[in-house]
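First comes the structure, then the notes that go with it.
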Amino acid sequence: MATTKTHIGNFKFENCFMNAAGVYCYDRNELEQVINSAAGTFVTKTATLQSRPGNPEPRYHDTALGSINSMGLPNLGFDYYLDYLLELQKTHPDRTFFFSLVGMSTEDTHALLKKVQESDFNGITELNLSCPNVPGKPQIAYDLETTEKLLTDIFSYFKKPLGVKLPPYFDIVHFDQAAAVFNKFPLSFINCVNSIGNGLVIEDESVVIKPKNGFGGIGGEYIKPTALANVHAFYKRLNPSIKIIGTGGVLTGQDAFEHILCGASMVQIGTTLHKEGPAAFERITNELKAIMDKKGYKTIEDFRGKLKYL
Ligand code: RRO
């Protein structure tokens with residue numbers, strides 16, 4: 001039978017599927033459920049220096065075609081997740097986990113990354129450049145000058161594996177400009193895409209979430225074409241050493257197959273994991289393996305990036 005093993009740099013994973021940050025990753029209880037599922041690894045909720053309660057509820061809403069959220073970065077704080085990750089290095093020495101981070105200011109981001117650099121953490125760090133939901137704070141990665149300066153400063157002291165979580169881009173020129181920036185740095189990966197920022201869902205006469213008068217990040221089925229386009233646009237433009245994590249609109253093995261065809265080395269599941277729980281990992285893995293078996297693909301490298309054009 002086909003295998004869905006994968007790697008990012010020298011880190012190997014038994015399965016290419018994992019949670020998307022924000023879903024099943026708030027605390028140890030949720031993260032443990034991902035560890036004990038068919039997922040290859042997990043990423044933590046994006047951590048800030050201090051814990052945060054996030055935005056007022058209701059702040060997440062499922063719809064027939066996906067979800068909208070304006071969580072506002074609720075998290076238990078950097079130390080909580082680092083302590084747990086260091087514990088897992090002892091109990092699961094053969095596995096690698098992802099630590100998602102961002103500061104509420106540039107100074108905070110550097111403070112966080114310096115703490116990671118000085119710690120014994122030997123996993124992979126994901127810097128979230130694309131939170132759409134903190135009132136008054138634009139998504140960092142939509143400002144490429146700021147992003148380039150930030151990464152320049154970070155790589156002057158940060159020597160551990162680092163990737164960035166990106167918002168979707170919507171213009172070919174922006175793919176070119178963003179890729180030119182990311183290619184200047186020794187990134188382990190980029191993760192495409194975060195939710196499509198600041199959508200609006202209405203039921204009857206009302207918005208469905210409280211923060212920001214209902215505006216929030218859109219996930220799920222709505223966003224697969226945008227996610228695939230971002231994965232493939234960056235796959236074609238980035239140095240091959242920068243791997244791509246594909247996130248957005250994965251409900252089935254076919255959706256995951258398409259992300260990998262576009263160039264993804266790992267595939268994250270967000271809205272579907274929220275709707276279905278960690279059993280989604282086994283279902284989607286089996287669906288992907290069945291597609292691979294039918295096509296005669298033994299590993300994901302047999303078709304990764306090999307999207308056909310007309
Ligand atoms: O916590 C959030 O509101 C949130 C974050 Br940090 C993010 O990166 N993406 C998202 O959809 N929600």
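Atoms within a ligand are numbered from 1 in the order they appear, just like the ligands themselves. Because only heavy atoms are used, hydrogens play no part in the values below, and waters and symmetry mates are left out as well, while side chains stay in.
- Heavy atoms of K165 come nearer than 4.0 angstrom to ligand 1 in no pair at all.
- One finds no salt bridge joining K45 and E30 here, because no Lys/Arg side-chain nitrogen approaches an Asp/Glu carboxylate oxygen to under 4.0 Å.
- In terms of N/O distances under 3.5 Å, ligand 1 is not approached by S70.
- Listed by number with element, the atoms of ligand 1 under 4.0 Å from a non-hydrogen atom of G72 are 1 (O), 2 (C), 3 (O).
- Set against the non-hydrogen atoms of N128, the atoms of ligand 1 under 4.0 Å away are 6 (Br), 7 (C), 8 (O).
- The only member of R59, E57, M71 that meets side-chain contact (heavy atoms from CB on, under 4.5 Å) when paired with P211 is R59.
- In this model, no donor atom of one side chain and acceptor atom of the other lie less than 3.5 Å apart for T44 and Y26.
- Residue contacts with ligand 1 for N194 involve side-chain atoms from C-beta outward but no N, CA, C or O (heavy atoms, distance under 4.0 Å).
- Residue contacts with ligand 1 for R52 are absent, since no atom lies close enough (heavy atoms, distance under 4.0 Å).
- Ion pairing of K149 with D153 is present here, as a side-chain N (NZ or NE/NH1/NH2) and a carboxylate O approach within less than 4.0 Å.
- In P132, the part holding a heavy atom less than 4.0 Å from any atom of ligand 1 is the side chain.
- Within ligand 1, the atoms closer than 4.0 Å to a non-hydrogen atom of L73 are 1 (O), 2 (C), 3 (O), 6 (Br), numbered from 1 in the order shown.
- In this structure, the protein non-hydrogen atom closest to atom 4 (C) of ligand 1 is N133 ND2, 3.7 Å.
- For the pair R95 (side chain) and F13 (backbone), a donor-acceptor distance under 3.5 Å is absent.
- Looking at atom 12 (N) of ligand 1, its nearest protein heavy atom turns out to be N69 OD1, 3.0 Å.
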I'd like to know whether N128 forms a side chain to side chain contact (heavy atoms under 4.5 Å, CB included) with L101, so could you lay out the CA-CA distance, the side-chain angles of the two residues, the decisive distance to 0.1 Å, and finally the verdict. CA-CA 6 Å; N128 187 352; L101 297 170; over 6 Å; no
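- In this structure, atom 6 (Br) of ligand 1 lies nearest to the protein heavy atom C131 SG, 3.2 Å.
- Between E287 and R283 a salt bridge is recorded (basic side-chain N to carboxylate O distance below 4.0 Å).
- Within the model, atoms CG of D108 and CG of L113 stand 11.0 Å from one another, a figure rounded to the nearest 0.5 Å.
- The M71 neighbourhood of ligand 1 comprises atoms 1 (O), 2 (C), 3 (O), with distances under 4.0 Å to a heavy atom of that residue.
- For ligand 1 and P74, the ligand atoms under 4.0 Å from any heavy atom of the residue are 1 (O).
- Proximity of G54 to ligand 1 is not established, as no heavy-atom distance is less than 4.0 Å.
- For N55 and S70, the side-chain atoms include at least one donor-acceptor pair closer than 3.5 Å.
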